[in-house]
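Let me begin by handing over the structure; questions about it come next.
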There are 2 protein chains.
Amino acid sequence: MSIQERRERERAEREQLIVSTARELAEAEGWDAVTTRRLAAEIEYSQPVLYSHFKGKGAIMTAVALQGFVELAAVLRAARTGAEGSRAGTGGRRAGAQGPQAEDAGASAGDPRASAEGRAEGPRAALTAVADAYTAFAAERPALYEAMFTRAVDLPFASPEAPAPLWAAFDELLDAVTPHAAPDEDPGILTETFWAALHGLATLGRSGRLPAAAHTTRLALLTAHFAGPPAAR
Amino acid sequence: MSIQERRERERAEREQLIVSTARELAEAEGWDAVTTRRLAAEIEYSQPVLYSHFKGKGAIMTAVALQGFVELAAVLRAARTGAEGSRAGTGGRRAGAQGPQAEDAGASAGDPRASAEGRAEGPRAALTAVADAYTAFAAERPALYEAMFTRAVDLPFASPEAPAPLWAAFDELLDAVTPHAAPDEDPGILTETFWAALHGLATLGRSGRLPAAAHTTRLALLTAHFAGPPAAR
DNA sequence: GCACGATTGCTAGCGATGCTAGAATCACGG
DNA sequence: CCGTGATTCTAGCATCGCTAGCAATCGTGC
């Protein structure tokens with residue numbers, strides 16, 4: 001048994017090596033440089049071993065993308081909790097609900113800063129922090145972001161079958177956006193809209209389709225238009 | 001001379017045939033199906049003729065994308081003028097200014113509907129109409145939109161060297177967004193932000209990353225957060 | 001009217017891609 | 001010490017974007 005376990009462990013390590021090597025190579029030279037031959041040479045194995053681990057090149061990219069969602073969720077969570085205070089999140093909405101409605105619309109009720117500033121500053125800081133972290137994530141890991149959102153399409157996204165890391169990342173956005181939703185606004189759909197806006201800023205900005213100089217200004221405008229007490233709008 | 005002109009005309013026609021065939025093929029079977037061999041067979045010529053017209057496959061896609069921007073500008077203009085009234089646009093900002101500030105911030109002053117409704121309904125209808133038209137454009141011509149915004153990167157975008165159709169399309173958005181800009185908001189940068197949000201909705205929606213059912217709701221949320229009299233925000 | 005010259009388009013092929021079949025090699029169990 | 005089974009590699013296929021060099025075609029001048 002021990003010998004079997006060792007082989008499985010080694011195999012898992014090699015699989016992880018493939019994923020991380022593909023990611024590093026893509027980040028260094030772009031996804032076009034990640035060919036099966038090049039990747040095989042990089043991990044010092046021959047091509048077919050890749051296909052003993054993954055169904056094809058697309059599956060490798062999907063694995064990289066999945067790893068990216070784990071990191072994205074962590075980055076967003078760190079940004080949100082760091083700016084928002086000590087509130088430890090609500091645990092997402094995977095268990096139970098399937099639609100995009102959140103269970104905790106009253107998050108700001110427990111925030112000590114909320115009543116002092118007219119419940120604007122805490123959630124607002126969280127929103128800008130999350131938005132900033134999101135675009136920074138995309139800018140610092142362009143190839144990873146590309147694998148997550150532009151290339152790999154074989155990941156189920158907006159469905160209960162979507163992998164947990166995807167929901168985790170979305171839930172972070174949801175927690176940051178929900179306090180800003182008006183009573184007649186569905187927090188889930190509002191989050192989707194905000195997320196799409198961030199995605200647009202990230203992708204258009206990275207491909208040079210938006211002038212890089214005004215990035216901060218655009219981010220501020222976006223959050224300003226989505227944030228603030230809903231009653232004042 | 002006449003014979004020379006005929007040849008040039010035939011050559012231009014064939015070039016247009018290449019572009020339109022590439023576009024149709026991409027729209028029908030996706031860009032992966034647009035190989036040089038397949039495209040050559042489709043136009044009933046051999047491969048090398050493609051390279052006598054374009055530098056490579058990328059240049060063909062760029063030509064398709066450029067044609068897409070012409071149509072996009074027309075679609076946006078039709079949507080804006082149709083919803084806004086008879087105002088015949090401001091002619092863009094190519095001549096003169098280079099930064100993203102508009103010359104006509106007082107467009108709504110001449111709108112007869114503006115004073116009657118507290119200058120909210122006309123510009124607001126125009127904004128929603130433009131947003132709707134934009135996402136519909138992307139949804140109805142996915143391959144074309146992909147060529148415009150995801151694939152071809154060799155088009156100069158946010159610079160004076162950008163082709164005229166790109167500026168024309170942007171100017172349509174600018175004209176629709178400018179009336180909603182607060183005094184302290186740069187209309188150009190606000191337009192960039194709004195455009196990015198539309199782009200995010202379009203791309204994420206098309207790849208199945210956003211549930212299609214709520215598309216209309218997301219669009220309404222987006223316009224609601226960007227529109228309205230700036231003073232009320 | 002006809003041969004010549006230049007332009008145009010084609011056949012054939014190069015290197016590289018993702019992926020796969022079958023040979024060869026290695027490690028383990030008896 | 002050797003056979004057996006799994007694992008890894010060598011070699012190759014079909015296809016990709018792209019190009020060199022030849023063939024045919026067309027217009028032009030005598």
Side-chain angles (χ1 to χ4, degrees), chain A residues 1-19 21-23 25-26 28-65 143 146-147 150-154, chain B residues 1-19 21-23 25-26 28-65 143 146-147 150-154:
Chain A
M1 276 304 170
S2 168
I3 199 166
Q4 180 87 352
E5 290 175 358
R6 191 212 61 201
R7 297 195 129 178
E8 288 179 4
R9 190 177 59 240
E10 285 178 350
R11 191 177 162 77
E13 284 174 5
R14 194 175 60 180
E15 187 158 317
Q16 189 51 42
L17 177 65
I18 292 174
V19 174
T21 303
R23 172 178 170 175
L25 192 52
E29 307 181 30
W31 279 108
D32 286 342
V34 185
T35 69
T36 57
R37 284 174 175 79
R38 178 79 185 278
L39 182 54
E42 213 78 34
I43 65 171
E44 295 178 318
Y45 280 92
S46 65
Q47 278 182 286
V49 301
L50 302 176
Y51 294 88
S52 73
H53 285 273
F54 299 96
K55 208 177 78 181
K57 187 184 174 182
I60 296 176
M61 293 181 59
T62 302
V64 173
E146 186 180 346
T150 309
R151 302 263 186 166
V153 194
D154 45 348
Chain B
M1 276 302 172
S2 168
I3 200 164
Q4 182 88 352
E5 290 174 359
R6 192 211 62 198
R7 295 193 129 178
E8 288 179 2
R9 192 178 57 241
E10 286 177 351
R11 191 179 163 77
E13 283 174 6
R14 193 174 62 179
E15 186 158 317
Q16 189 52 43
L17 177 66
I18 293 174
V19 174
T21 303
R23 173 180 169 173
L25 192 51
E29 307 182 29
W31 278 108
D32 286 341
V34 185
T35 69
T36 57
R37 284 172 175 82
R38 177 79 185 276
L39 182 54
E42 214 78 36
I43 65 171
E44 296 178 318
Y45 280 93
S46 65
Q47 278 182 286
V49 300
L50 301 176
Y51 294 89
S52 73
H53 285 274
F54 300 95
K55 210 177 78 179
K57 186 184 175 182
I60 297 177
M61 293 182 58
T62 302
V64 173
E146 186 180 345
T150 309
R151 302 264 184 163
V153 194
D154 45 349

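Order of the sequence lines sets the chain letters (A, B, ...), proteins ahead of strands, with each chain counted from 1.
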For A:R14, side chain to side chain contact (heavy atoms under 4.5 Å, CB included) partners two or more places apart: A:R11, A:Y45, A:V49, A:S52, A:H53
Least distance between heavy atoms, B:A40 atom then B:S46 atom: CB-C, 3.7 Å
Short side-chain N/O contact to C:dA16 OP1/OP2 from A:R38, under 4.0 Å: no
Partners passing salt bridge (charged side-chain N to carboxylate O under 4.0 Å, His left out) against A:E13 (at least two apart in sequence or in another chain): none
Heavy atoms from other residues, nucleotides or ligands near CD of B:E10 exceed 12 (cutoff 6.0 Å):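 Yes, enclosed.
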Helix axis bend for the helix from C:dG1-D:dC30 to C:dG30-D:dC1 - C1'-based end axes, five pairs, 10° rounding: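 For the helix from C:dG1-D:dC30 to C:dG30-D:dC1, the axes at opposite ends meet at about 20°.
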Length of the line joining B:H53:NE2 and D:dC18:P, which is rounded to integer Å: 16 Å
Between C1' of D:dT8 and CD of A:E10, the distance in whole Å: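 That distance rounds to 14 Å.
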Which protein N or O atoms sit under 3.5 Å from an N or O of nucleotides 17-21 of chain C?
from, atom 1, to, atom 2, distance (Å)
C:dG18, OP1, A:K57, NZ, 3.0
C:dG18, OP2, A:T36, N, 2.8
C:dG18, OP2, A:T36, OG1, 3.1
C:dG18, N7, A:R37, NH1, 3.0
C:dG18, O6, A:R37, NH2, 3.2
C:dC19, OP2, A:Y51, OH, 3.0
C:dC19, OP2, A:K57, N, 2.7
C:dC19, O5', A:Y51, OH, 3.3
C:dC19, N4, A:Q47, OE1, 2.9
C:dC19, N4, A:Q47, NE2, 3.2

For A:F54, all residues meeting side chain to side chain contact (heavy atoms under 4.5 Å, CB included), sequence neighbours excluded: A:E15, A:I18, A:V19, A:A59, A:I60, A:A63
Nearest-angstrom distance from the residue atom CD of B:E44 to C1' of C:dT8: 18 Å
Interatomic spacing from CE in A:M61 to CH2 in A:W31 - rounded to 0.5 Å: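 Between A:M61 CE and A:W31 CH2, I get 4.5 Å after rounding to 0.5 Å.
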B:R38: side chain to side chain contact (heavy atoms under 4.5 Å, CB included) partners, not counting sequence neighbours: B:L25, B:E29, B:A33, B:T35, B:E42
side-chain contact (heavy atoms from CB on, under 4.5 Å) assessment of A:I43 paired with A:L50: CA-CA 10 Å; A:I43 65 171; A:L50 302 176; 3.9 Å; yes
Spacing of A:R11 atom CZ relative to D:dA6 atom P, expressed in whole Å: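 That distance rounds to 13 Å.
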Rounded distance in Å - OH (B:Y45) to P (C:dC10): 7 Å
Whole-Å distance separating the CG atom of B:L50 from the P atom of C:dC10: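 It is 10 Å, rounded to the nearest whole Å.
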